[in-house]
Amino acid sequence: MPSMASNDSTHTANINQLNGPKTDSLDRRQKIEQHRKALPIATVEKKLLEEVSNNDILIIVGETGSGKTTQLPQYLFNGGFCRNGGIIGITQPRRVAAVTVAKRVAEECGATLGQKVGYSIRFEDTTSSSTRIKYMTDGLLLREALLDPYLSKYSVIIVDEAHERTVQTDVLLGLLKTVQKTRSSSASDVACSDHTKPDNGAMLEKEAIVQSTSILKHSRGKKLSPLKLIIMSASLDARVFSEYFGGARAVHVQGRQFPVDILYTRQPETDYVDAALITIFQIHLEEGPGDVLVFLTGQEEIESIERLVQDRLPKLPESKRNISIIPIFASLPSEKQMKVFLPAPAGFRKVILATNIAETSVTIPGIKYVIDPGMVKVRTYDPNTGIEPLIIVKTSKAQALQRSGRAGRDGPGKCYRLYPENEFYKLKDSTMPEIKRCNLSNVILQLKALGIDDIIGFDFIEEPDRRAIIKSMELLFLLGALTDDGKLSDPVGHQMSRLPLDPIYSKALVVANQFSCLEEMLIVVSMLSVESIFYVPREKLEESRTALKSFSSTEGDHLTLLNTYRASDEFLEKGKLVSSNEKAEKNLRKWCKENFINNRSLKHARDIHSQIRRNVEQMGLRITSCGEDMLPLRRCLSASFFLNAALKQPDGTYRALSSGLTVQIHPSSVLFRAKPECIIFDELVRTNQNYIRNISIIDYLWLIELAPQCYALQE
DNA sequence: CGCATCTCA
């Protein structure tokens, strides 16, 4: 294809116009240019621009290393797609990706971050009025849609990594489909002559317009420009997306990866942990130098393999004991996570034991060997009980490919799949979309807030389970967010939908002023929203327990979390009085360590706290405090967590009132020994037992008083 | 007496 030359003159002209940092040496610029031109996608720049011009929806299948994420937005900018001030928005499922790619692209453009190129994620917005290429998380774009239902400032929206099929991506795709229809119909109202459509097409279009305008409110009067939509996926089947978007055109962009040899076992393995262990040693003893990445399902498995390897090392000849084991999983403190990026000691082989964090979130350089037992831990959802148990299942084909690809980033590699080849062909093509295995209450609240009332009729790329929809609608109704006829209630439902929280937490905030405890509830909800605040290492069990005692409350875990937050806040504020902010933050990290508190989680809770505090202030809520008396706070918790109430049974276990399940207080709770009669809890986790976590003591009569829709006085 | 694979607003 001769038209694919990459030395496009518009593009060069644009680079020259930019007023980037003067310190950029010509040399560095040239290197960036060379790198850009060497990317596989560079050969099809013109072709892609044509495709986008000719198709309002385009599916791009690009393998890893194609350069699609960094280059396509630049091509579109240079190709004039930001004319009239339109913005090119690119969504990512993860925050880190949005940040790192934006930084890279800003550098390639020779622009300061936040000017032409910027990113916007929760807690952080680097964009300005001059930003034209905007990277963001898909969840953030969904939030933007609440304020601007037509996403009118965007001329192009690129949904990247769509194959991952996160809930947010799936909902976004459904929304974008509607938005695009509405915008093109609005545009054709003002410029009909631009389009000449065949008759039956026009008919269908009309139907679509009627439907979309009834879905999205107040479209009249406003002239909107059409929206270009690009779906980017790394999966092999573009068909799903293409069919969803009415047979949209799909193009393929070559990737760039080193070859990876795939090896299978002859027989199925009965114990994949043991098989992984054997393979580690086999590679170490028989293969050439290079680091090893092993995919395991969880912390427990990782720690057990780590111990087993250490146990066996002394049995090896001394010259062969040069293995350095490095675990990585999400809940590991970040300084320990960073170890995967350090080179192993000279002459040592690095063996990284990882969860699926290493599939997408963390890219580790220098991996030559991948061991893939073919298993993964996934969250599921049981619409009958509302529990989301974690179960271990086989990976999908796509996942197996993603894992083996990790061995071919810096050179040719090998992947050991610990199952026979015929088993691979029996695997599912791709992982089940998250929307089919999660609680939908948040999704439904969002859609309702967007004016989409018919949830069952919503055009999802994949239908969620009908029972799951009903279960979540029921929850929202009981929380008072929905009216009898399924509409968002005013003001409770509207207020709840504006808060970036789980609906039950939002409810707790919305009603907190009736109990004069909004200040306290803001803290409690922030602390509940993050992953475990307390870090309890097995070897320092007693020590950590005494540390936590100073914060603990006899009334329950919610108040313990409140005390902990306040203690840390007080420590930080005091520190800021006597030294610089940075010094105070550093001291806080030390304080966290001494008190066995996960610093990352606490920081996250602080960020959430300041965001939702701003939110409730904007909603016009007065921030009231209950002072020393914590009774109103527990009553307020009862008024929002009433579906998570449990009563003690004669044998010391509890009965969860809404599901009827027998549950136990988790040993990490401050109420584990106390065993009060009536409690409310934050969540139910299923492992060997049904455990309930984050618990507070309440009075059963409060439930009857505060949640009469669920609890009636019984004679 | 013992848990959280991973994200997002």
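Computed from a predicted structure; not experimentally measured.
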Salt bridge (charged side-chain N to carboxylate O under 4.0 Å, His left out) partners of Arg406(A), counting only residues at least two apart: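 Partners of Arg406(A) under the salt bridge (charged side-chain N to carboxylate O under 4.0 Å, His left out) test: none.
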Under the salt bridge (charged side-chain N to carboxylate O under 4.0 Å, His left out) test, residues paired with Lys103(A) that sit two or more places apart: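 For Lys103(A), no residue satisfies salt bridge (charged side-chain N to carboxylate O under 4.0 Å, His left out) once neighbours in sequence are set aside.
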Residue list, side-chain hydrogen bond (donor to acceptor under 3.5 Å, both in side chains) with Gln168(A), at least two apart or on another chain: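 Gln168(A) satisfies side-chain hydrogen bond (donor to acceptor under 3.5 Å, both in side chains) with no residue once adjacent residues are dropped.
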Nucleic acid footprint by protein, nucleotides 2-9 of chain B - heavy-atom cut-off 4.0 Å, B for base, S for sugar-phosphate alone: BBBBBSBB
Qualifying residues under ring-ring contact (aromatic ring centres under 6.0 Å, His included), relative to Tyr565(A), sequence neighbours excluded: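 Residues passing ring-ring contact (aromatic ring centres under 6.0 Å, His included) with Tyr565(A): His609(A).
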Donor-acceptor pairs are to be reported for all side-chain atoms of residues 376-383 of chain A against protein atoms at under 3.5 Å, with residues two or more places apart or in another chain.
from: Thr380(A); atom 1: OG1; to: Pro389(A); atom 2: O; distance (Å): 2.9
from: Asp382(A); atom 1: OD1; to: Asn384(A); atom 2: N; distance (Å): 2.9
from: Asp382(A); atom 1: OD2; to: Thr385(A); atom 2: OG1; distance (Å): 3.3

